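Shown next, in structure tokens, is the structure this report addresses.
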Amino acid sequence: MLSERAKKIKPSPTLAIDSKAKAMKASGIDVISFGVGEPDFDTPDHIKEAAYKAMKEGFTKYTAVGGIDPLKDAIIDKLQKDNGLVYTREEIIVSCGAKHSLYNVAQALYGPGDEVIIPAPYWVSYPDQVLLNDATPVFVKTFESDSFMVRPEVLEASITKRTKALILNSPSNPTGFTYDRKTLEKLAEMAVRHNFFVVSDEIYEKLVYDGTEHISIASLGDEIKKRTIVINGLSKSHAMTGWRIGYAAGPSGIIKAMMNIQSQSTSNPASISQKAAVEALRGPQDFMAGMHREFDHRRRYLVDELNTIDGMSCMMPTGAFYAFPKTAKLYGRKAGDKTISSSSDLALHLLEEAKVAVVHGAAFGDDDYIRLSYATSLDDIKRGVGRIREAVGKLEV
Ligand code: PMP
Ligand code: GLU
């Protein structure tokens, strides 16, 4: 009954774990969730006020498919100010979240026979969005010793005549690492030389630590800019996950194709959310410093604690809000008559025994790790790490 396309894909594992943890909580179980990557901060009041105002003024109808001009202009100004990128309105499209922007790109660019290179570990939706468009994901392994940046020579070896695009994500979900300028320059040179596109997902751009600089690969020259589609959104930077506002910036031909696809699928993102997004981008940004400080504090606490747990090791990430500890040394240990032999076994064991939700690394293409989101209170982080320590401590070698 179902299409071949529908049979090829699976539900988002991060959202599935979140649902499971929420269902356990609803049934009265005290679950601590390091599962989903969603800021635990509320959307700032001045942004909500802009939404109330939009509703009161009757701004509740369809808008232009790709977003209202004041929002496009606010995005254009943001890209110029933060990233040194100059775009026109024809090169911007606003969609229902960055996930939707990525999906529109996938629909506009990927097709049967195309290969799309995805450095692993990767964010869960990239491979499935490639598969949904009947193209082939090509995974390229990255290493902790390189801060999980793809090695240019490894990337080069996986390029073929069919390579259509490379999906880059810096700062990265799940690893929490960022790309440096030197590596980005090498990747940009390769994209230009082999003539493929770069889809650059920069949704965690505002969350970088220890003086790390966020660099958009599109800013490295005119030739690479012509081949890059920059993806960003307000979910993480402005704690607006539920408002569903993301955007893409890129060559006008591609943006126009995305617009056509959007006009035949979802139409415009919610009118009220768009007004709120203008305020988010144009209004005061001071709350961000507080959010950033808190994430930074939690990051250091969580990573330091994880490194004291026998069998785990975790590098200090430089961005996003994820810790990605290596847990492979725990595989082979026993809990009663069960053997923990994978990241999935470990995540399930932690959920059932310690009532702590984490995401198994296999969901991101690397079974040697698990992911913990620290977008949760420091108090929960303290209790959660305590529970993990106890559960891991009970495993028999
Ligand atoms: N890209 C990455 C790497 C993410 O972690 C997320 C988080 N859900 C998204 C894109 C999509 O964000 P949203 O659709 O909420 O804008
Ligand atoms: N990006 C978040 C995560 O990875 C949200 C979940 C999702 O959209 O898949 O947890």
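Fair warning: this is a prediction, and the values are worked out from it, not measured in the lab. Note that ligands are numbered from 1 as they come in the structure, with each ligand's atoms numbered from 1 the same way. Values below: all heavy atoms of this structure, side chains included; hydrogens, waters and symmetry mates excluded.
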*Counting only heavy atoms not in Lys8, do more than 12 sit closer than 6.0 Å to its NZ atom?*
yes

*asked:* If you define the side chain from C-beta out and look only at heavy atoms, does anything of Leu168 sit under 4.5 Å from Leu184?
replied: yes

*asked:* Counting C-beta onward and ignoring hydrogens, is there a side-chain heavy-atom pair between Tyr122 and Phe139 closer than 4.5 Å?
replied: yes

*asked:* Considering both backbone and side-chain atoms of Leu15, is one of its nitrogen or oxygen atoms within less than 3.5 Å of a nitrogen or oxygen in ligand 2?
replied: no

*What part of Tyr126 sits under 4.0 Å from ligand 1 if we count only heavy atoms: the side chain, the backbone, both or neither?*
side chain

_Would Trp123 count as a polar contact of ligand 2, with the cut-off being nitrogen or oxygen pairs under 3.5 Å?_
yes

*Could a heavy atom of Phe321 be found less than 4.0 Å from some atom of ligand 2?*
no

*Give the residue and atom name of whichever protein heavy atom lies nearest to atom 2 (C) of ligand 2, and the separation in Å to one decimal.*
Gly37 O, 3.4 Å

*What is the minimum heavy-atom distance between Gly250 and Ile255, and which atoms define it?*
O-CG1, 3.5 Å

*Looking at side-chain heavy atoms only, is the closest gap between His238 and Thr43 below 4.5 Å?*
no

*Tyr209 side chain reached by His292 side chain, heavy atoms, under 4.5 Å*: yes

*With heavy atoms of Asn173 as the reference, note each atom of ligand 1 found under 4.0 Å away.*
3 (C), 4 (C), 5 (O)

*asked:* Just to be sure I read this right, does ligand 2 sit under 4.0 Å from the backbone of Val359, its side chain, both, or neither, counting only heavy atoms?
replied: neither

*Could you tell me the separation between the CZ atom of Arg151 and the NZ atom of Lys141, rounded to the nearest 0.5 Å?*
10.0 Å

*Can you list the ligand 2 atoms lying under 4.0 Å from a non-hydrogen atom of Lys236?*
1 (N), 2 (C)

*For ligand 1, which atoms have a heavy atom of Gly97 less than 4.0 angstrom away?*
14 (O), 16 (O)

_Protein contact to atom 1 (N) of ligand 1 [nearest heavy atom, distance to 0.1 Å]_ = Asp201 OD2, 2.6 Å

_Polar side-chain atom of Lys164 near backbone of Leu109 as donor-acceptor pair, under 3.5 Å_ = yes

*Would you say Met149 and Phe143 make side-chain contact, with heavy atoms under 4.5 Å?*
no

*May I ask you to list the atoms of ligand 2 that are less than 4.0 angstrom from any heavy atom of Lys99?*
7 (C), 8 (O), 9 (O)

*Taking only heavy atoms of Arg371 into account, list the atoms of ligand 2 that are under 4.0 Å away from them.*
3 (C), 4 (O), 10 (O)

*Considering only heavy atoms from C-beta outward, does the side chain of Ile388 approach that of Met312 to under 4.5 Å?*
yes

*Does Arg244 approach ligand 1 within less than 4.0 angstrom via side chain, backbone, both or neither, non-hydrogen atoms only?*
side chain

*Quick one: does ligand 1 sit under 4.0 Å from the side chain of Ser235, the backbone, both or neither, non-hydrogen atoms only?*
side chain

*Would you tell me which option among Lys236, Glu38, Met240 has the nearest heavy-atom contact to atom 7 (C) of ligand 1?*
Lys236

*When you measure from atom 12 (O) of ligand 1 to every protein heavy atom, which one gives the shortest distance, and what is it?*
Ile203 CD1, 3.8 Å

_Starting from atom 6 (C) of ligand 1, what is the nearest protein heavy atom, named by residue and atom, and what distance separates them?_
Trp123 CZ2, 3.5 Å

*Considering only the protein, which heavy-atom contact is closest to atom 6 (C) of ligand 2, and what is its distance?*
Thr14 OG1, 3.4 Å

*Report yes or no: do Val199 and Leu220 belong to one cluster of Ile/Leu/Val/Met/Phe/Trp/Tyr joined by side chain heavy-atom distances under 4.5 Å?*
no

*May I ask you to check if ligand 1 and His100 share an N or O to N or O distance below 3.5 Å?*
no

*Which bit of Asn169 is near ligand 1, meaning a heavy atom under 4.0 Å away: side chain, backbone, both or neither?*
side chain

*How does Tyr322 reach ligand 2, by side chain, by backbone, by both or by neither, if only non-hydrogen atoms under 4.0 Å count?*
side chain

*asked:* So is Ala98 touching ligand 1 or not, going by heavy atoms under 4.0 Å?
replied: yes

*Provide the number and element of each atom of ligand 2 under 4.0 Å from a heavy atom of Ser12.*
9 (O)

*asked:* Within the 4.5 Å heavy-atom criterion, are Ser95 and Gln262 side-chain neighbours or not?
replied: yes

_Gap separating the CD atom of Glu144 from the OG atom of Ser313, nearest 0.5 angstrom_ = 5.5 Å

*asked:* Can you confirm whether Lys338 sits close enough to Glu352 that some side-chain heavy atom of one is under 4.5 Å from a side-chain heavy atom of the other?
replied: yes

